Peer 1: 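Structure in structure tokens, see below.
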Amino acid sequence: MAAVANMPVSDLLKSFKLKTKQQELLIRVSILCLVYILAFITRLFSVLRYESMIHEFDPYFNYRTTLYLTQNGFYDFWNWFDYESWYPLGRIVGGTLYPGLMVTAALIYRILHFLRFAVHIREVCVLTAPFFASNTTLVAYFFGKEIWDTGAGLVAAILIAVCPGYISRSVAGSYDNEGVAIFALLFTFYLFVKAVNTGSLAWSLASAFGYFYMVSAWGGYVFIINLIPLYVLVLLITGRYSMRLYVAYNCMYVLGMLLAMQIRFVGFQHVQSGEHMAAMGVFFLMQVFYFLDWVKHMLSDTKLFQAFLRITVTCAVAVGTIALGLGMLSGYISPWTGRFYSLLDPTYAKDHIPIIASVSEHQPTAWSSFMFDFHILLFLFPAGLYFCFKRLSDATIFIVMYGLTSMYFAGVMVRLILVATPAVCLISAIAVSATVKNLTVLLRSKNKGVQTGSTKGSSSSKASSKALLDQSQPFQKNGAIALLFGAFYLLSKYATHCTWVTSEAYSSPSIVLAARGAHGSRVIFDDYREAYFWLRQNTPPDAKVMSWWDYGYQITAMGNRTVIVDNNTWNNTHIATVGRAMSSYEDEAIEIMRSLDVDYVLVVFGGVTGYSSDDINKFLWMVRIGGGVFPVIKEPDYLVNGEYRVDKGAAPKMLNCLMYKLCYYRFGEMLTEYGKPPGYDRARGVEIGNKDIKLEHLEEAFTTSNWIVRIYKVKPPNNRW
Amino acid sequence: MAREKSSKDNAQALFHSLRSAYAATPVNLKIIDLYVGFAIFTALIQVVYMASVGSFPFNSFLSGVLSCVGTAVLAVCLRIQVNKENKEFKDLPPERAFADFVLCNLVLHLVIMNFLG
């Protein structure tokens, strides 16, 4: 025993000593594990502060469909006709959604139940996005390894784990398509670049499956099906084409297109829509191009080949233009839809499609948003582009194109910063990794130089070169250390910023509001859920609720009642009808409401709490959308000198329209703030103009404790004598 | 007259040199070329049929044409990978190339069968 105790520590350590390669592997694996866990836990702020619930509006629809899927099975889900929304039209849910997210969550739920973890589907839904964010970091590592080297891969994984641009749409509770779609996007791109690098049919097949998953998950797949043909075109033009490119693109295109057409929502768009024609065009171009290449290889005489080339090219171009022209003129190939056309022409939506223009996420991006979401990545991005151009290969050309196109789109629409985030993280990772690598090489080379100088004998030339090296080396070493410290300082600032942004800006559930009370204590407003549960428990099961389309998904998911319009916004006229009802006088509105069988009206009002996303602030959009279909609603009627007011100087139509009455009913007697008169609207900061409101055809059914949600019942018509 | 004759001569010379160059390719590549030609021919027949009787149901037409085009394209990829003259693929054993070809065709036809309707 004493002998064992006497065993020196150094022997013990020697038994653990690993070779350098194994040490490196251990470091890499442990870094990846830590990054995986970090990506997951940094998204859990709202679960820890509030509770595990679904955020915002769209995720409630996804949650409801996932619930339906787990309860009724895939066949019923795929063929589901929902009669509880868009009354009286209904909605063909099976054919109008992207099933990827729901099927993924249901699969995870089934696996967990199979392993005897009895979790509720809501918990699975809440935590799906962080789980896939962690998987994205792994894909980013492999992608970085493919483009540059393992160091860049590790930095890319770390950067994308905390980048606010990605966190904004993938926090716990944000159960939306983007949470899964960004993983699918990066995965597809990685598999395609791997296929181009190896030229293997197996990798191309994998990338076709990745594309299929992306198509099933998000409408943004159009970006993939346009970027990859563009990339192929660039490679063809710059002369970097090879046989591997042919194998990769063709297999991916044909199989990917076929798989994508299995999703009913996408349908035949791959052969009929203008947005997908680029891929088909490049497909045919490739066939012609490689055929000519093959013929050139077979023919030894160049003159004959020139003749053949001329004939073939003219034929191909003629056939192609005729086919395209016929298709577009006859309307068979539909032009670019409004949603994507507004990306190419940002002013289009504002003039022609008010619904798209009204969404706050569709506005052009300000520089502050870029800085907020990217921080140091903003200036690391051009540095990374420089490194990519220094070492051009098929893979770096791809990432440069992805970065540039996605940054353009991110500038057009705020929401698309999400698509640019993986590219920015990867390119910045290349910059960071290459810089750090060069600096540490400088640090290490100095040591080696000193050693060789001291051991070897020196001829005069060697002595002079050694002296030169010795002279510049002290500055090099100090400079390298200073730069390395600078780099680490920047990266640590980035991490701090990202965590702060996640905590302050992107972790609010939107359905539960928090504010600071008078003494600094936290006050929680849970009015939305209070109102929806009131609806669920106190109204007849077949009651129909009219509200603005923002709240439709939440009302059907939590209140379990039929709604007139919801967030799907597929029927502009129906929404305009609701907008018209909200902006008309009560007598006209009751006609519209009776024709739609409305039983309850729900409005959101922020005057008591100072909540600024309420219906009075959204009212002008209701007027615009309603006025777009029914010319009887004119926007200038509600404005005074072009100004939107709710106080005494407001337009008379504004003071008497249905929305005003419903929001401010009984508000004239309310004391909201110390020292202000009764009826002081805290969200607008004015005293309201019409305090004496009488309702004739509606009666107040429920107002939540902080007056945020107000529900009114439509009175049945009077008995006839 | 002279120009016509020279262009006709050109065409004939082109045709002859193509023919002689093609005759030099190995037999296994010629078999693959025959398969590709057969698949494209079948696709053309389907398109002509669609043009004469109309395109309903569209998914059946698409699945038929795309199965022919898909298998032709995959066969061309196989030919590229098996061809001894391609330096990029000299490390790839032809058995592996053929296995990939079979796997991709399997996936292609499974999807086609689902899509036929």
Side-chain angles (χ1 to χ4, degrees), chain A residues 195 197-206 208-209 212 242-264 267-268 270-272 280 283-284 286-287 290-291 293-312 332, chain B residues 6-7 9-25 33 40 55 58-59 61-63 65-74 76-81 83 85-89 91-92 96-112 114-115:
Chain A
N197 273 346
T198 57
S200 143
L201 265 180
W203 283 107
S204 314
L205 180 66
F209 274 116
F212 171 56
S242 61
M243 291 297 156
R244 296 172 282 123
L245 181 68
Y246 183 88
V247 172
Y249 180 68
N250 277 311
C251 178
M252 190 233 176
Y253 177 63
V254 174
L255 283 172
M257 177 167 75
L258 261 178
L259 283 167
M261 290 201 273
Q262 308 309 307
I263 309 285
R264 276 166 62 193
F268 300 127
H270 275 72
V271 291
Q272 285 179 341
M280 191 181 281
F283 176 68
F284 284 121
M286 268 198 118
Q287 310 305 320
Y290 278 81
F291 178 66
D293 205 44
W294 179 55
V295 168
K296 183 174 178 183
H297 174 75
M298 281 210 310
L299 285 180
S300 39
D301 187 352
T302 36
K303 249 178 50 179
L304 280 176
F305 175 66
Q306 296 287 4
F308 182 73
L309 176 72
R310 263 204 316 264
I311 304 170
T312 323
Y332 187 72
Chain B
S6 70
S7 66
D9 282 341
N10 259 346
Q12 277 204 345
L14 183 70
F15 187 61
H16 279 306
S17 74
L18 270 177
R19 213 171 168 191
S20 58
Y22 188 66
T25 57
D33 290 338
I40 303 274
S55 70
F58 194 56
N59 56 327
F61 163 66
L62 264 186
S63 62
V65 169
L66 282 178
S67 80
C68 293
V69 170
T71 190
V73 157
L74 287 172
V76 174
C77 293
L78 173 70
R79 185 190 201 275
I80 289 174
Q81 288 182 335
N83 198 351
E85 296 173 5
N86 283 333
K87 294 291 171 278
E88 290 166 335
F89 289 109
D91 298 332
L92 188 70
R96 167 75 197 268
F98 187 68
D100 282 344
F101 170 73
V102 166
L103 176 69
C104 289
N105 262 318
L106 193 66
V107 170
L108 175 77
H109 288 100
L110 279 175
V111 178
I112 293 290
N114 181 39
F115 199 40

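Here is the naming used below: chain letters follow the sequence lines, and residue numbers restart at 1 for every chain. Note that the coordinates shown come from a computational prediction; the quantities given were computed from them, not determined experimentally.
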Peer 1: Report, as yes or no, whether the 6.0 Å neighbourhood of atom CZ on B/R96 holds more than 12 heavy atoms from other residues, nucleotides or ligands.
Peer 2: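 Result for CZ/B/R96: open.
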Peer 1: Checking heavy atoms, do the side chain of A/L258, its backbone, both or neither come under 4.5 Å from chain B?
Peer 2: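 Both parts, backbone and side chain.
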Peer 1: Heavy-atom pairs under 4.5 Å with chain A - which of B/V69, B/L103, B/N59 has more of them than the others?
Peer 2: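 So the answer, after comparing B/V69, B/L103, B/N59, is B/N59.
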Peer 1: Side chains of B/L74 and A/C251: does their closest heavy-atom pair fall under 4.5 Å?
Peer 2: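 Yes. Closest side-chain heavy atoms under 4.5 Å.
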Peer 1: Going by side-chain contact (heavy atoms from CB on, under 4.5 Å), A/M261 matches just one of B/N114, B/V111, B/L62. Which one?
Peer 2: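 Exactly one candidate clears the test, B/L62.
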Peer 1: Between B/L92 and chain A, with a heavy-atom cut-off of 4.5 Å, which part of the residue counts as in contact: side chain, backbone, both or neither?
Peer 2: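 Neither part.
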Peer 1: Using non-hydrogen atoms only, which part of B/N86 is less than 4.5 Å away from chain A: side chain, backbone, both, or neither?
Peer 2: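 Only the side chain of B/N86 comes within 4.5 Å of chain A.
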Peer 1: Working to the nearest 0.5 Å, report the span between NZ of B/K87 and CE of A/M243.
Peer 2: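 B/K87 NZ to A/M243 CE: 11.5 Å, rounded to 0.5 Å.
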Peer 1: Quick one: what part of B/R19 sits under 4.5 Å from any heavy atom of chain A, side chain, backbone, both or neither?
Peer 2: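 Nothing of B/R19, per the 4.5 Å heavy-atom cut-off to chain A.
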Peer 1: So which part of A/F283 gets closer than 4.5 Å to some heavy atom of chain B, the side chain, the backbone, both or neither?
Peer 2: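 Only the side chain of A/F283 comes within 4.5 Å of chain B.
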Peer 1: When heavy-atom pairs shorter than 4.5 Å are enumerated against chain A, which of B/V73, B/V107, B/D100 gives the highest number?
Peer 2: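 Top count of heavy-atom pairs under 4.5 Å with chain A: B/D100.
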Peer 1: Do A/Y290 and B/V76 have side chains that get closer than 4.5 Å, going by heavy atoms?
Peer 2: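 Not touching, per the 4.5 Å side-chain cut-off.
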Peer 1: Between chain A and each of B/A99, B/A24, B/C104, B/S63, count heavy-atom pairs under 4.5 Å; write down the option with the most.
Peer 2: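 Looking at each of B/A99, B/A24, B/C104, B/S63 in turn, B/C104 comes out on top.
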Peer 1: If I measure from the heavy atoms of chain B, does A/S242 come under 4.5 Å with its side chain, its backbone, both, or neither?
Peer 2: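 Contact with chain B involves both backbone and side-chain atoms of A/S242.
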Peer 1: Roughly how far apart are B/L110 CG and A/L259 CG, rounded to 0.5 Å?
Peer 2: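 Here the rounded value is 10.0 Å.
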Peer 1: Does any heavy atom of chain A fall under 4.5 Å from the side chain of B/F58, the backbone, both, or neither of them?
Peer 2: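 Interface part for B/F58: both.
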Peer 1: With a 4.5 angstrom heavy-atom cut-off, which part of A/F209 approaches chain B: side chain, backbone, both or neither?
Peer 2: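 Only the side chain of A/F209 comes within 4.5 Å of chain B.
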Peer 1: If you count the non-hydrogen atoms of other residues, nucleotides and ligands that lie under 6.0 Å from OH in B/Y22, is the total more than 12?
Peer 2: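 More than 12 heavy atoms, drawn from other residues, nucleotides or ligands, come within 6.0 Å of this atom.
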Peer 1: Measure distances from B/L108 to the heavy atoms of chain A and classify the residue's part below 4.5 Å as side chain, backbone, both or neither.
Peer 2: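 For B/L108, the contact with chain A is made by backbone and side chain together.
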Peer 1: Let me confirm one number: the CG-CZ distance from A/L205 to B/F101, rounded to the nearest 0.5 Å.
Peer 2: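 Answer rounded to 0.5 Å: 13.0 Å.
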Peer 1: Please indicate whether A/F291 has more than 12 foreign heavy atoms, meaning atoms of other residues, nucleotides or ligands, lying under 6.0 Å from its CZ.
Peer 2: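 No, not enclosed.
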Peer 1: What are the two closest heavy atoms between B/F89 and A/G199, and how far apart are they?
Peer 2: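 Residues B/F89 and A/G199, closest heavy atoms: CE2-O, 3.3 Å.
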Peer 1: To the closest 0.5 Å, what do you measure between CH2 (A/W294) and OG1 (B/T25)?
Peer 2: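 These two atoms lie 7.5 Å from each other.
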